[in-house]
Amino acid sequence: MSLPRDPAAGFASFDALREVARGCTACGLAETRTQVVFGVGDPHAELLFVGEGPGEQEDLQGEPFVGRAGQLLTRLIEGIGLERSDVYITNVVKCRPPGNRDPLPVEIATCRPYLEAQLDFIAPTVVVTLGNFATKLLLDTKVGITKLRGQEFPFGDGAVLIPVLHPSAVLRNTGASLAQTRADFVTVKRALRARATA
Ligand code: URA
Ligand code: SF4
């Protein structure tokens, strides 16, 4: 299936976009996935999270960030006074890479129009990239997450992008990375408040 060059222009609505994505076989990940994991939450959210790709639980349940890393993400969201239903959560690739391997550059590039279209429709004021893959893609950088985390970068039309450590990395590490991530979420909260419209 070929995707339109200007993604949002090619889809009448967010629902139409999701329906097209659900049937997508544009890259090799279609062969091994159980289902496409498009995203979850409020399509009008001010805050958008972008992870890497679905894991085993996400592939089975059809929802991003529902496994162990997802439970940590949920706690971090609740820690700044929000619910999962207040935000939108998606991934760089919408289908699970087999064995949780890293997504390949060709898979990331092929899936990218869906993320771009989600960004266009949702038009969040704050984008949080979770880990290296989302950060490198959306900031178009080769700089690693540990150097970039917790900083605010201008993004799109008046929005801000804040990279944070991937919750799976936080779970693998100890102590400091959880404290850093909690602090970065406070930065996210502040950025949301600064952009809140009366
Ligand atoms: N890790 C991710 O990057 N995304 C998910 O949806 C789950 C785990
Ligand atoms: Fe399509 Fe993206 Fe799934 Fe590849 S990962 S099949 S591009 S939805």
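Quick note: numbers below take in every heavy atom, side chains included, and nothing from hydrogens, waters or symmetry partners.
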Distance in Å, Ile108 CD1 paired with Leu29 CG, rounded so as to fall on 0.5 Å steps = 9.5 Å

Please assess Arg84 against Glu63 for the test salt bridge (charged side-chain N to carboxylate O under 4.0 Å, His left out), listing each intermediate value before the final yes or no.
-> CA-CA 12 Å; Arg84 269 174 80 102; Glu63 182 171 330; 3.0 Å; yes

CD on Glu83 to CD on Glu78, rounded to 0.5 Å | 5.5 Å

To the nearest 0.5 angstrom, please state how far the CD1 atom of Ile89 sits from the CG atom of Leu130.
-> 8.5 Å

Polar side-chain atom of Glu58 near backbone of Val66 as donor-acceptor pair, under 3.5 Å = yes

Taking the six-membered ring for Trp and the single ring otherwise, decide whether the centroids of Phe121 and Tyr88 are under 6.0 Å apart.
-> no

Are side-chain N/O atoms of Lys94 and Gln118 paired as donor and acceptor at under 3.5 Å?
-> yes

With distance as the sole test, does Thr34 use its side chain to make a donor-acceptor pair with the main-chain N or O of Leu60 at under 3.5 Å?
-> no

CZ (Arg182) with more than 12 external heavy atoms under 6.0 Å | no

Could you go step by step and tell me if Phe155 and Val127 meet the side-chain contact (heavy atoms from CB on, under 4.5 Å) rule?
-> CA-CA 8 Å; Phe155 185 73; Val127 175; 3.9 Å; yes

Test of ring centre spacing under 6.0 Å for Phe49 and Phe185 = yes

Interatomic distance, Leu47 atom CG to Asp42 atom CG [nearest 0.5 angstrom] | 10.5 Å

Please confirm whether the backbone N or O of Asn173 pairs with a side-chain atom of Ser177, one donor and one acceptor, at under 3.5 Å?
-> no

Could you give me the CA-CA distance, side-chain angles and deciding distance for Leu137 and Val50, then say whether side-chain contact (heavy atoms from CB on, under 4.5 Å) is met?
-> CA-CA 10 Å; Leu137 183 70; Val50 185; over 6 Å; no

In Å and rounded to the nearest 0.5 Å, what is the CG to OH distance from Asn91 to Tyr114?
-> 15.0 Å

Roughly how far, to the nearest 0.5 Å, is OG1 of Thr129 from CG of Leu148?
-> 8.0 Å

In sequence, state the C-alpha distance, the side-chain angles, and the governing distance for Asp102 and Glu52, and then conclude on side-chain contact (heavy atoms from CB on, under 4.5 Å).
-> CA-CA 8 Å; Asp102 290 347; Glu52 180 179 323; 3.8 Å; yes

Taking Asp86 for its side chain and Leu82 for its backbone only, find out whether a donor-acceptor pair lies under 3.5 Å.
-> no

Full working for salt bridge (charged side-chain N to carboxylate O under 4.0 Å, His left out) between Arg22 and Glu19 | CA-CA 5 Å; Arg22 275 190 182 148; Glu19 284 315 304; 2.9 Å; yes

Can you list every side-chain hydrogen bond (donor to acceptor under 3.5 Å, both in side chains) pair that touches residues 150-168, not counting sequence neighbours?
-> His166-Ser168

For Arg33 and Asp59, what are the C-alpha separation, side-chain angles and deciding distance, and is it a salt bridge (charged side-chain N to carboxylate O under 4.0 Å, His left out)?
-> CA-CA 7 Å; Arg33 75 179 182 223; Asp59 175 70; over 6 Å; no

Between the main-chain N or O of Phe38 and the side-chain N or O of Thr90, is there a donor-acceptor pair closer than 3.5 Å?
-> yes

Between Gln180 and Leu165, does a side-chain contact (heavy atoms from CB on, under 4.5 Å) hold up when you go through it step by step?
-> CA-CA 8 Å; Gln180 287 171 346; Leu165 298 177; 3.7 Å; yes

Carboxylate-amine/guanidinium contact Arg101 Glu107, below 4.0 Å | yes

